[in-house]
Amino acid sequence: MASVNQSDKAKRSLVINIRIEPNQLNLIDAAASVCGKSRSAFMLDSAYRAAEEALLDWRLFRLNDEQWEAFNQALDLPPEKNEKLHQLLQVKSPWE
């Protein structure tokens with residue numbers, strides 16, 4: 001397994017504890033070993049990548065040309081009258 005250099009170790013100050021099933025730990029250890037990483041490095045890299053993907057799922061969406069055109073046409077339409085929204089916007093905010 002790869003060793004962690006001391007300057008990288010000094011930068012990390014937070015600890016995360018999790019409970020895990022033995023079969024899950026064995027699988028993670030095997031994958032970390034194949035990648036040449038420590039268990040912690042492997043888990044941190046994997047969690048970080050999963051977090052990025054989760055956030056991108058909320059920010060990035062892909063459309064083909066036909067879908068893109070339909071999306072743009074929908075954006076170009078004037079907004080429909082929404083009486084409930086209009087009423088909501090007339091109510092004073094609690095902090096006002």
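Just so it is clear, the model here is predicted, and its values are computed rather than measured.
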Taking everything shown except [X] itself, do over 12 heavy atoms lie less than 6.0 Å from its [atom1]?
X     : atom1 : value
Glu52 : CD    : yes
Ile16 : CD1   : no
Asp65 : CG    : no

Shared hydrophobic cluster, Ile18 / Phe42 (ILVMFWY, side-chain heavy atoms < 4.5 Å): yes
Same cluster (ILVMFWY, side-chain, under 4.5 Å), Leu75 and Leu63: yes
Measuring from [X]:[atom1] to [Y]:[atom2], what's the distance to the nearest 0.5 Å?
X     : Y     : atom1 : atom2 : result
Lys37 : Asp29 : NZ    : CG    : 14.0 Å
Leu27 : Gln24 : CG    : CD    : 8.5 Å
Leu89 : His86 : CG    : NE2   : 8.0 Å

Which heavy atom of [X] sits nearest a heavy atom of [Y], and at what distance?
X     : Y     : result
Gln67 : Arg62 : OE1-O, 4.3 Å
Ala32 : Ser38 : CB-O, 3.8 Å
Leu25 : Ile20 : N-CD1, 3.7 Å

